[in-house]
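A, B, ... follow the sequence lines: proteins, then strands. Residue 1 opens every chain. For the numbers below, each heavy atom of this structure counts, side chains included, while hydrogens, waters and symmetry mates do not.
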Amino acid sequence: MYVAMIQARILESKLSSLYKAGKIVGGVYLGKGQEAVSAALGAVLIPGQDIYAPLIRDQAGRTAFGEPFIDCARAYLGSSLGPMRGRDGNVHRGKPGEGVLAMISHLGSAVAVVSGSLFAKRLKGELDGVVGATCVGDGATSTGAFHEGLNFAAVEKLPLVLVVTNNQFAYSTPTSRQYACADLVDRAVGYGVAGHSVDGTDFLACAAVIGDAVSRARAGEGPQMVVARLLRLTGHGEHDDAWYVPEVIKAGNYGRDCIDVAESQLLVHGIMSREEIEAIREQAAVDVQAAVAQAQQEPAPDPYKEVWQAWSTGRFYAEKE
Amino acid sequence: MYVAMIQARILESKLSSLYKAGKIVGGVYLGKGQEAVSAALGAVLIPGQDIYAPLIRDQAGRTAFGEPFIDCARAYLGSSLGPMRGRDGNVHRGKPGEGVLAMISHLGSAVAVVSGSLFAKRLKGELDGVVGATCVGDGATSTGAFHEGLNFAAVEKLPLVLVVTNNQFAYSTPTSRQYACADLVDRAVGYGVAGHSVDGTDFLACAAVIGDAVSRARAGEGPQMVVARLLRLTGHGEHDDAWYVPEVIKAGNYGRDCIDVAESQLLVHGIMSREEIEAIREQAAVDVQAAVAQAQQEPAPDPYKEVWQAWSTGRFYAEKE
Amino acid sequence: MSVTYIDAIREAQEVLLRDDPRVFLYGQDIAVFGGAFKATKGLAEMFPGRVFDAPISEDAMIGMAIGAALQGMRPIIEMQFADFSSVAFNQIVNHAATHFYRTGMPVPITVRMPSGGTAGSGPFHSQSMEAIYAHYPGVVVVTPATVADAYSMLIESVKLDDPVIFCEHKFLYRWLKAQSFQGDCLPIGQARITRTGRHATVVTYSAMVHEAVRAAERLQKESGWEIEVVDLRSVKPLDIDTVLASVARTGRLLALGEAFPWGGVTAEVVSRVVADGFHLLEAPPMRLNSRDTPVPYHPKLWASHRPTPESICDSLRKLLSY
Amino acid sequence: MSVTYIDAIREAQEVLLRDDPRVFLYGQDIAVFGGAFKATKGLAEMFPGRVFDAPISEDAMIGMAIGAALQGMRPIIEMQFADFSSVAFNQIVNHAATHFYRTGMPVPITVRMPSGGTAGSGPFHSQSMEAIYAHYPGVVVVTPATVADAYSMLIESVKLDDPVIFCEHKFLYRWLKAQSFQGDCLPIGQARITRTGRHATVVTYSAMVHEAVRAAERLQKESGWEIEVVDLRSVKPLDIDTVLASVARTGRLLALGEAFPWGGVTAEVVSRVVADGFHLLEAPPMRLNSRDTPVPYHPKLWASHRPTPESICDSLRKLLSY
Ligand SMILES: Cc1ncc(C[n+]2csc(CCOP(=O)(O)OP(=O)(O)O)c2C)c(N)n1
Ligand SMILES: Cc1ncc(C[n+]2csc(CCOP(=O)(O)OP(=O)(O)O)c2C)c(N)n1
Ligand SMILES: [Mg+2]
Ligand SMILES: [Mg+2]
């Protein structure tokens with residue numbers, strides 16, 4: 001999990017530089033500051049078995065779940081070999097055949113889709129020990145899709161883990177304009193799902209709380225909602241310098257960088273040494289660089305070779321157009 | 001309030017007979033068993049000042065709010081003089097210029113509209129002492145519209161009174177397939193609004209709890225959500241005999257008829273005598289009959305005279321079509 | 001013994017449930033209750049654990065179906081009325097419809113939409129939304145007009161790998177009868193000549209096929225005109241070849257539909273015909289749709305809001321006299 | 001000094017807020033932040049208590065606006081992207097659009113929809129939804145193509161009593177410049193001849209007006225063809241008279257749009273022209289739309305998904321050679 005956090009941070013810094021150098025078309029949305037929450041989830045999900053629907057700030061979770069750097073680099077650099085073949089971009093990438101859903105932009109809409117995947121697995125008799133997980137922000141909790149999807153999961157008692165990363169802002173909008181409850185975790189009881197709260201800057205706490213939520217879902221205890229509190233340590237996207245975030249929040253506990261916290265926790269508990277950490281960083285930098293270099297050499301999609309077909313049913317084209 | 005309940009019950013029985021006699025085209029959805037909740041709300045709202053968005057089971061609330069029988073009769077009997085002029089029907093009727101919204105079928109969608117009306121009144125400096133109220137069923141709480149609308153009202157701390165009439169079924173669907181929380185009132189905390197619970201078959205309790213909620217909203221305490229528990233004492237519509245409702249629920253407390261409860265409460269507390277009650281019933285029967293008779297004599301809308309214009313901007317027709 | 005259009009829909013679902021373990025049904029009040037229109041009557045008992053009541057959450061219903069389809073299932077979702085799919089619009093057009101193009105993985109869901117007007121149903125229980133969905137790349141939109149098509153096309157819809165919007169017309173549910181469910185089993189994407197003629201072609205679909213046939217019969221009796229009626233069967237894909245072949249024979253086109261007049265199927269039909277068959281036309285192609293207002297509630301207004309045999313005859317007379 | 005299309009939108013809102021106390025602005029990130037595209041920059045400070053950040057609740061945003069309009073206000077709602085209006089679809093088409101017909105009380109709301117494609121925006125930040133809304137009775141759908149129109153039409157939209165879908169094109173935001181906001185102030189419902197010509201008419205709207213003009217210039221230079229370009233300005237109401245008058249002069253029609261090809265504005269234009277101006281046409285009317293897939297993300301794919309001056313020239317050459 002820590003490795004994924006570091007890897008994601010380094011990968012994302014690279015994406016940020018590439019963006020600023022004009023090498024990426026489209027937006028770059030980073031998970032800076034949210035790596036602990038994201039990776040804690042990705043790390044306890046089981047590839048090839050669980051369903052995972054990461055959102056825009058989940059590079060760390062993706063990495064922890066096993067996504068190779070090259071998938072990311074290809075998406076951002078528009079390689080035709082990327083998971084979305086240039087048809088969709090960046091954070092939207094997914095491999096639904098491998099359990100990683102390809103998000104659409106409309107916030108909240110993955111909640112029902114993940115739940116539906118779990119529902120199907122139950123019908124197929126394949127749900128035992130499986131969980132489905134997705135992440136949303138504080139802003140996404142205001143969508144009707146979030147509500148309907150979570151309620152559906154609750155009615156069906158599906159093993160859904162819904163991580164709400166409350167990073168205090170939705171784009172520029174502070175939580176005071178987003179909801180009026182004391183804490184988003186107060187929503188859990190209204191859906192009849194378990195609610196968990198965690199300081200999202202606290203590496204070990206994230207691992208413990210999210211790990212526990214996933215275990216409970218896996219054990220058949222029904223939907224688990226985890227609300228993680230932290231601050232987005234970057235703009236909404238890389239085009240945004242987040243000038244609207246008040247200093248006082250940055251200076252407070254939410255403003256802690258989870259990677260710094262993780263490092264000191266790892267060191268204090270003797271889980272890793274400084275040298276090991278350095279080695280991980282260095283290796284990550286090398287690997288990221290290699291992935292970016294490779295993706296940059298790959299061809300862009302070619303509109304003349306593009307198969308412009310939105311239906312999968314081939315005969316509709318053969319016969320009619 | 002009791003008068004309105006009785007009047008509504010008598011009016012609705014008449015509608016039911018007319019429906020069975022084939023005199024009404026379109027559906028008939030009745031509020032039988034829900035009169036106490038509905039009327040308790042309608043009775044404490046102030047016509048000409050408050051906003052009221054009744055739903056399909058709110059004949060009693062409409063009557064308590066001052067709707068004349070003839071409006072109802074005209075709507076159901078398709079008189080061109082009815083509030084919707086035959087363009088829309090029955091429970092959809094409203095007089096938005098007088099604060100009674102004209103519902104659309106899509107459940108939950110009135111919550112934001114009522115709240116928006118209140119928001120506007122605040123902007124105009126006319127919100128003092130005003131409330132806006134609407135009613136939804138247990139089923140409607142599962143809609144995204146309900147969630148978004150209530151959350152908006154909460155964020156803006158609007159004087160919204162949202163009455164959730166949990167009548168155990170949404171059409172044929174029992175609450176166990178609708179939500180998974182212990183009690184819908186548990187949702188209130190998640191929105192940061194006040195929650196109230198009431199036995200919807202208990203006349204005096206409804207008056208007290210709903211009256212209190214409205215007073216609190218009026219006093220500036222923000223949105224109030226009241227959850228009333230009862231049983232729908234009729235089919236979803238008059239085409240439905242509700243065979244799917246288990247006997248055990250009908251036999252239990254939910255199955256009490258609020259009108260019977262009201263009567264005994266009125267008698268026990270000496271608020272009304274049996275003679276007075278009888279007189280009200282008789283008068284209501286006469287008045288309902290008169291309204292129906294009048295509406296039946298009125299002309300149906302005439303398609304040849306109908307102004308087939310969906311825009312209000314006249315010049316779009318004058319110039320172009 | 002005769003069977004109805006709604007029987008066909010129910011029967012097709014029974015067959016699908018019986019023959020394909022990937023199929024399940026999900027919708028409001030469709031389990032014990034058998035659905036608002038009884039399209040799933042008895043199926044919950046026959047197929048335990050495969051027919052489910054949904055909360056009033058159309059957006060989540062479609063989202064659920066997408067997730068299930070990605071797991072290899074073939075969900076059939078019943079909207080209680082097509083009109084309520086407006087709150088599932090996003091999941092349909094942005095999630096389901098785009099998924100194959102974006103990821104290469106198709107989303108085989110079938111969304112049953114009880115569509116179209118009936119007397120007294122009013123503005124929110126009468127809508128015809130086929131054009132709304134057909135605008136979006138990636139969806140298949142079918143509009144069966146016969147008992148046999150309702151049956152065979154529902155079965156075929158579920159077998160298709162693409163998301164299908166299955167527009168079933170409420171007016172036909174019990175009114176339309178046939179001797180059996182068996183028909184010619186034309187595939188989705190192919191139109192049918194419902195009635196042959198040589199003076200003009202009416203291109204239409206769903207309930208309006210029957211109104212067009214009535215109008216054609218009337219004109220034949222009255223004045224000997226022979227009107228050809230083409231039933232599109234699916235509006236996306238749209239079988240322009242069959243339409244063009246008919247127009248080649250008749251030289252005259254009336255595109256007829258029950259939906260709102262701006263855009264829609266009739267505009268698409270006319271535009272394609274003039275693009276590829278301009279030289280075939282002996283008169284300006286005409287359109288007849290509903291009026292440009294919400295569908296009115298009162299039966300008297302409703303009957304004059306949608307095209308009727310009378311108004312179709314009027315249009316055809318104009319077309320024929322050009 | 002020059003002003004841009006987005007400046008015009010901002011300025012119009014400033015003027016509206018200044019001159020009409022009924023106006024307020026509501027949308028995600030539009031207050032302190034000034035909006036994702038800065039269309040409301042500084043307005044929250046200039047007009048305290050009249051510019052509000054909304055939760056991510058598009059359905060409630062429109063519901064709110066409807067309620068406010070019924071109380072006599074004139075809300076302007078910003079969708080962050082037109083694409084997200086898919087989750088507000090129901091409130092727009094079923095609540096706002098039907099209200100006047102049903103009750104006699106209009107719902108004067110203006111919904112600003114940042115529309116259309118830009119490089120790298122992908123399938124969910126590029127859509128052109130004008131046809132979806134225009135299908136429904138009761139809404140006005142405007143599609144300004146110039147700085148002056150963006151300005152005057154936004155002001156006029158707010159003054160209209162009907163709900164207006166204001167489709168502003170993101171590609172034009174900063175790219176399109178003018179000397180001032182002042183133009184000819186044509187009313188909504190009236191099209192404009194952007195460029196006169198006599199050999200063919202291109203009917204289009206929004207950003208495609210500029211691509212059409214480029215194509216026209218190219219063809220003029222290359223081969224002396226004089227192409228007339230008609231800017232519809234509003235797609236509902238649709239000024240068919242101006243279109244017909246142009247086709248009467250040129251005898252040839254290309255309907256051009258950036259939206260998906262099934263149905264839509266181009267189909268409506270072609271259908272109306274052939275209905276009323278069949279005899280004016282010397283060649284089959286043509287259509288050019290985007291390709292029938294979701295809008296692709298990669299700029300190379302995107303550039304070939306939408307019509308371009310090249311593909312417009314190709315279509316026109318075909319049209320002219322008929
Ligand atoms: C339905 C919908 N409306 C608007 C948007 C535009 N949008 C994209 S991200 C975002 C803010 C999201 O905030 P939050 O959910 O808190 O997540 P965060 O970005 O803070 O991680 C908005 C408004 C969207 N994607 N979907
Ligand atoms: C969005 C939406 N979906 C479906 C329907 C169809 N429908 C009308 S009433 C109803 C049941 C409503 O149940 P509930 O909210 O509990 O109210 P009740 O009828 O019990 O008073 C349904 C499903 C609808 N009106 N709106
Ligand atoms: Mg956030
Ligand atoms: Mg109920």
Side-chain angles (χ1 to χ4, degrees), chain C residues 58-59 83-94 97-98 101-102 122-124 127 129 131-132 134-138 141 235-236 238 255 259-279 281 283-287 290-294 296-297 322, chain D residues 58-59 83-94 97-98 101-102 122-124 127 129 131-132 134-138 141 235-236 238 255 259-279 281 283-287 290-294 296-297 322:
Chain C
E58 283 79 3
D59 184 87
D83 316 51
F84 300 134
S85 74
S86 56
V87 286
F89 182 63
N90 179 58
Q91 294 280 19
I92 296 174
V93 305
N94 284 320
T98 65
Y101 181 71
R102 293 168 62 237
F124 309 114
Q127 290 174 24
M129 294 181 66
I132 294 301
H135 185 59
Y136 284 85
V141 182
V235 304
K236 192 171 188 183
L238 192 157
F260 299 131
W262 194 104
V265 177
T266 57
E268 182 66 16
V269 167
V270 168
S271 300
R272 292 219 204 168
V273 167
V274 296
D276 296 337
F278 190 66
H279 56 289
L281 289 162
M286 289 179 68
R287 282 198 290 167
S290 84
R291 294 184 192 260
D292 194 33
T293 69
Y297 162 76
Y322 183 87
Chain D
E58 284 79 3
D59 183 88
D83 316 51
F84 299 133
S85 74
S86 56
V87 285
F89 181 62
N90 179 58
Q91 293 280 20
I92 295 173
V93 305
N94 284 320
T98 66
Y101 181 71
R102 293 168 62 238
F124 310 114
Q127 291 173 23
M129 294 182 67
I132 294 300
H135 185 59
Y136 285 85
V141 182
V235 304
K236 192 170 190 183
L238 192 158
F260 299 132
W262 195 103
V265 177
T266 58
E268 181 65 17
V269 167
V270 168
S271 300
R272 292 220 204 167
V273 167
V274 296
D276 295 337
F278 190 66
H279 56 289
L281 289 162
M286 289 180 68
R287 280 198 292 167
S290 84
R291 294 184 193 262
D292 195 33
T293 69
Y297 161 76
Y322 183 88

Exercise for the section: Check side chain to side chain contact (heavy atoms under 4.5 Å, CB included) between C/A131 and all other residues, then give those that pass, not counting sequence neighbours. Expected result: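 For C/A131 the side chain to side chain contact (heavy atoms under 4.5 Å, CB included) partners, ignoring immediate neighbours, are D/H135, D/W262.
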
So which part of [X] gets closer than 4.5 Å to some heavy atom of chain C, the side chain, the backbone, both or neither?
X: D/V265; value: both
X: D/L281; value: both
X: D/Q91; value: neither
X: D/D276; value: neither
X: D/A283; value: backbone

Among [options], which has the most heavy-atom pairs under 4.5 Å with chain D?
options: C/A88, C/A267, C/A255; value: C/A267
options: C/A259, C/S85, C/P285; value: C/P285
options: C/A275, C/A134, C/A97, C/G277; value: C/A134

Exercise for the section: Mind checking the CZ-OH spacing from C/R102 to D/Y297? Nearest 0.5 Å is all I need. Expected result: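 Rounded to the nearest 0.5 Å, the CZ-OH separation comes to 13.0 Å.
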
Exercise for the section: Working to the nearest 0.5 Å, report the span between OG1 of C/T266 and CE of C/M286. Expected result: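 C/T266 atom OG1 to C/M286 atom CE measures 11.5 Å (nearest 0.5 Å).
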
Handout entry: Atom group of C/V269 that falls short of 4.5 Å from chain D, counting heavy atoms
Key =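 Nothing of C/V269, per the 4.5 Å heavy-atom cut-off to chain D.
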
Handout entry: Residue selection (most heavy-atom pairs with chain C, distance under 4.5 Å) from D/V93, D/V273, D/V235
Key =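 Highest number of pairs under 4.5 Å: D/V235.
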
Practice task
Report the option among D/I92, D/D59, D/T98, D/D83 that has the most heavy-atom pairs separated by less than 4.5 Å from atoms of chain C.
Solution key: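 Looking at each option in turn, the highest pair count goes to D/T98.
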
Handout entry: Counterpart residues, ring pair (Phe, Tyr, Trp, His ring centres under 6.0 Å), relative to C/Y101 (two or more places apart)
Key =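 Partners of C/Y101 by the ring pair (Phe, Tyr, Trp, His ring centres under 6.0 Å) criterion come out as none, since no residue qualifies.
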
Problem - Verdict with supporting geometry, D/N94 and C/Q127, side-chain contact (heavy atoms from CB on, under 4.5 Å) - result: CA-CA 10 Å; D/N94 284 320; C/Q127 290 174 24; 2.8 Å; yes

Practice task
Taking all heavy atoms of C/F278 and all of D/F278, pick out the closest pair and write down the distance.
Solution key: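 For C/F278 and D/F278, the tightest heavy-atom pair comes out as CE1-CE1, 3.6 Å.
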
Problem - D/L238 to D/R272 - nearest heavy-atom pair and separation - result: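 That would be O-NH1, 3.8 Å.
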
Handout entry: C/P123 vs C/P296 side-chain heavy atoms within contact, under 4.5 Å
Key =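 The answer is no, as the side chains (C-beta and beyond) never meet within the 4.5 Å cut-off.
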
